[in-house]
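Counting begins at 1 with the first residue of the sequence. Computed from a predicted model, the values in this text were never measured in an experiment. Order of appearance sets the numbers: ligands from 1, and atoms from 1 within every ligand.
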Amino acid sequence: MNTEDFNDKVILITGAAGGFGRLLVERFANAGSKLVLSDQILESLDDFAEPFRNRGCDIVTQRCDVSIEADVRSLVETAVARYGRLDIAINNAGMSSPMKSLIDTEEADLDINFAVNTKGVFFGLKYQIRQMLTQSEGGTILNVASMAGLGGAPKLTAYCAAKHAVVGISKTAALEYAKHNIRVNAICPYFSPTPLVTDGMDESMQGLLAKGSPMKRLGAPDEIVAAMVMMVAPENSYLNGQAIAVDGGASAR
Ligand SMILES: NC(=O)c1ccc[n+]([C@@H]2O[C@H](COP(=O)([O-])OP(=O)(O)OC[C@H]3O[C@@H](n4cnc5c(N)ncnc54)[C@H](O)[C@@H]3O)[C@@H](O)[C@H]2O)c1
């Protein structure tokens, strides 16, 4: 990563207290970005952000439940009030309900997955793009989908459906706003041992998933985050409307 590219850039991240979120914050804080960080629970995010603030990093934190439109709108307003613009947004917040077969999946599983994983991204795009349309330089948005947004994911029906929707919404937004210099892409990672995976799956399940990967291992969170940073880097200014798998080759089969 060319850290100079991100110096002074205003970057908004949802789910910033999570596994990928914290690694993103570290990279961008070290690069001199101005950060707007949010998560559904503010306390752990503030604890995490404190050492960066103490080092002089410019960070604003705000509680934001991405399934609530007013929260997402307010988050973008905070970015603009504080910094006057929004250069990059990473809609990273997400959740997964416990693994279960399709015939045991309840309507409530679909509701929560769509509320957080799909509507959370949609609300983000709506207000981030409205702001970016006011900026002559446009902006860049990355939505965190999943490999489950590109293909079937046994025992993850609700998550898989919600992440497929993220890919569709991302591509649609990319086409609608490309002429305004707004880039929208989605990243589609394979399983990676963040709390989303380690809290929801025992080690034998993680071992099975590692075995099923062409590289015979899960992706390290840092490897996924490296690809996220690449996708939002200003030098990748022609990368638009893509759903990129970062999966050790799994989707090449
Ligand atoms: N880890 C993986 O294997 C993997 C694979 C593919 C995609 N993803 C996606 O990556 C993204 C980041 O997940 P992670 O792996 O870092 O997991 P994580 O559980 O460590 O982080 C997710 C973060 O999102 C926050 N969040 C959950 N619901 C929220 C809501 N309603 N509003 C605001 N914040 C909310 C959580 O508090 C948490 O901090 C998610 O969208 C996830 O679906 C993860």
Side-chain angles (χ1 to χ4, degrees), residues 12-27 36-49 61-76 89-99 111-124 141-151 153 156 158-167 169-170 186-201 205-206 208-210 212-213 217-228 231 243-248 250-251:
L12 179 157
I13 302 170
T14 65
F20 294 158
R22 287 176 185 235
L23 293 171
L24 286 166
V25 173
E26 276 175 22
R27 285 180 183 239
V36 183
L37 307 180
S38 69
D39 207 289
Q40 58 185 346
I41 300 165
L42 195 53
E43 201 182 359
S44 66
L45 181 60
D46 273 332
D47 289 348
F48 173 68
T61 55
Q62 182 165 316
R63 202 197 78 78
C64 170
D65 179 339
V66 296
S67 68
I68 298 174
E69 183 166 4
D71 277 17
V72 180
R73 178 181 191 154
S74 165
L75 184 66
V76 174
I90 305 183
N91 294 311
N92 164 69
M95 53 69 63
S96 177
S97 38
M99 295 179 90
D111 287 346
I112 183 72
N113 272 278
F114 274 93
V116 176
N117 293 330
T118 307
K119 288 206 287 185
V121 167
F122 163 71
F123 294 146
I141 301 173
L142 178 65
N143 297 323
V144 183
S146 167
M147 218 185 114
L150 294 175
L156 287 170
Y159 182 78
C160 180
K163 292 293 190 180
H164 268 72
V166 170
V167 170
I169 291 170
S170 303
I187 186 164
C188 300
Y190 190 62
F191 294 96
S192 177
T194 65
L196 185 93
V197 166
T198 53
D199 294 351
M201 278 178 203
M205 185 65 204
Q206 291 177 50
L208 279 177
L209 291 169
S213 154
R217 63 178 179 83
L218 303 185
D222 243 328
E223 294 177 297
I224 308 300
V225 167
M228 292 188 193
M231 290 176 76
I244 295 188
V246 182
D247 62 357
S251 58

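For T61 (side chain) and D46 (main-chain N/O), no donor-acceptor pair under 3.5 Å exists by modelled atom type. At distances below 3.5 Å, at least one donor-acceptor pair connects side-chain atoms of D65 with backbone N or O atoms of S67.
Listed by chain and number, the residues in a side-chain hydrogen bond (donor to acceptor under 3.5 Å, both in side chains) with S192 amount to none (sequence neighbours excluded). Shown here are the ring-ring contact (aromatic ring centres under 6.0 Å, His included) partners of F48, two or more places apart in sequence or in another chain: F52.
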Which atom pairs, one a donor and one an acceptor, fall under 3.5 Å between side chains of residues 112-120 and the rest of the protein, sequence neighbours left out?
unit_1 : atom_1 : unit_2 : atom_2 : d
N113   : OD1    : N117   : ND2    : 3.0
N113   : ND2    : S97    : OG     : 2.9
N113   : ND2    : D109   : O      : 2.9
N117   : OD1    : M95    : N      : 2.9
N117   : ND2    : M95    : O      : 2.8
T118   : OG1    : A162   : O      : 2.9

Verify side chain to side chain contact (heavy atoms under 4.5 Å, CB included) between C64 and D39, making sure each step is shown before the conclusion. CA-CA 5 Å; C64 170; D39 207 289; over 6 Å; no

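Listed by chain and residue number, the protein contacts of ligand 1 are G15, A17, G18, G19, F20, D39, Q40, C64, D65, V66, N92, A93, G94, V116, V144, A145, S146, Y159, K163, P189, Y190, F191, S192, T194, P195, L196, V197 (heavy atom within 4.0 angstrom).
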